[in-house]
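Report on the following structure.
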Amino acid sequence: MQLEKMEKIVIEAVAKLEKLKVEGSLGAELSWCWFSFKNDHNSEGLVQKGQETLAVFQAAREKSARAVSKKLVEDLEKVIALN
């Protein structure tokens with residue numbers, strides 16, 4: 001997957017986390033892991049925080065299917081499937 005497309009997905013995910021008002025700093029951590037990945041191409045942190053974000057999104061979708069778009073969930077799954 002191209003870095004530009006991945007970056008767009010991560011930015012959308014961070015924005016959605018902020019909109020969902022998720023407790024803690026998951027959005028900031030995901031953003032930090034993205035910039036770290038861009039610099040060193042080590043996907044470990046990005047995958048870990050991506051999985052945590054995915055779990056939050058899936059829980060939100062269980063409560064309300066409109067809370068998080070199915071496309072965003074699928075795109076985030078592609079990003080974290082880096083390994």
Side-chain angles (χ1 to χ4, degrees):
M1 182 179 280
Q2 295 176 338
L3 280 178
E4 295 84 20
K5 186 172 182 179
M6 289 172 59
E7 183 170 29
K8 181 182 177 204
I9 294 165
V10 171
I11 290 170
E12 285 179 37
V14 169
K16 182 55 77 170
L17 285 170
E18 291 173 2
K19 188 174 182 181
L20 292 173
K21 297 180 182 172
V22 174
E23 295 296 320
S25 59
L26 183 56
E29 292 171 0
L30 179 62
S31 180
W32 187 89
C33 288
W34 168 251
F35 287 107
S36 175
F37 170 74
K38 279 180 45 177
N39 289 322
D40 63 14
H41 298 286
N42 181 349
S43 64
E44 186 176 332
L46 180 62
V47 170
Q48 180 183 0
K49 293 303 173 184
Q51 289 171 338
E52 291 176 26
T53 301
L54 192 58
V56 169
F57 287 173
Q58 289 170 338
R61 281 187 58 82
E62 286 178 13
K63 291 180 184 177
S64 172
R66 291 182 167 206
V68 179
S69 73
K70 183 178 178 181
K71 182 175 181 345
L72 180 57
V73 171
E74 291 171 349
D75 287 346
L76 186 58
E77 287 174 338
K78 291 175 188 174
V79 169
I80 63 176
L82 295 170
N83 288 347

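Keep in mind it's a predicted model, so treat the numbers as computed, not measured. When a residue number appears, it is its place in the shown sequence, counting from 1. These numbers come from the heavy atoms of this one structure, side chains and all, not from hydrogens, waters or symmetry mates.
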- Measuring from Gln51:CD to Glu77:CD, what's the distance to the nearest 0.5 Å? 10.5 Å
- Message: Main chain of Met6, side chain of Lys78: is a donor-acceptor contact present, judged purely on distance under 3.5 Å?
- Response: no
- Item | Closest heavy-atom pair and its distance - Ala67, Ala60 | CB-O, 3.7 Å
- Query: Roughly how far apart are Lys63 NZ and Leu20 CG, rounded to 0.5 Å?
  - Reply: 9.5 Å
- One should read off an interatomic distance between Ser36 OG and Asn42 CG, to the nearest 0.5 angstrom, of 7.0 Å
- Straight-line distance of Leu26 CG to Thr53 OG1, nearest 0.5 Å: 4.0 Å
- Rounded to the nearest 0.5 Å, how far does NZ of Lys38 lie from CH2 of Trp34? 6.5 Å
- Classify the ring geometry between Phe37 and His41 as parallel (under 30°), tilted (30 to 60°) or perpendicular (over 60°). perpendicular
- same_hphob_cluster(Ile9, Phe35) at 4.5 Å side-chain heavy-atom cutoff: yes
- Should Glu7 and Leu3 be marked as a side-chain contact (heavy atoms from CB on, under 4.5 Å) after you check the CA-CA gap, both sets of side-chain angles, and the distance that decides it? CA-CA 6 Å; Glu7 183 170 29; Leu3 280 178; over 6 Å; no
- Nearest-0.5 Å distance, CG of residue Leu30 to CG of residue Leu17: 6.5 Å
- Between Glu74 and Lys71, is there a salt bridge with N-O shorter than 4.0 Å? no
- Query: Is Ser31 reaching over with its side chain to a backbone N or O of Gly27, donor-acceptor style, under 3.5 angstrom?
  - Reply: no
- Test side-chain contact (heavy atoms from CB on, under 4.5 Å) on Leu54 and Val73 and set out the steps. CA-CA 7 Å; Leu54 192 58; Val73 171; 3.6 Å; yes
- Message: Any side-chain to backbone donor/acceptor pair from Ser69 onto Leu72? Under 3.5 Å, distance only.
- Response: yes
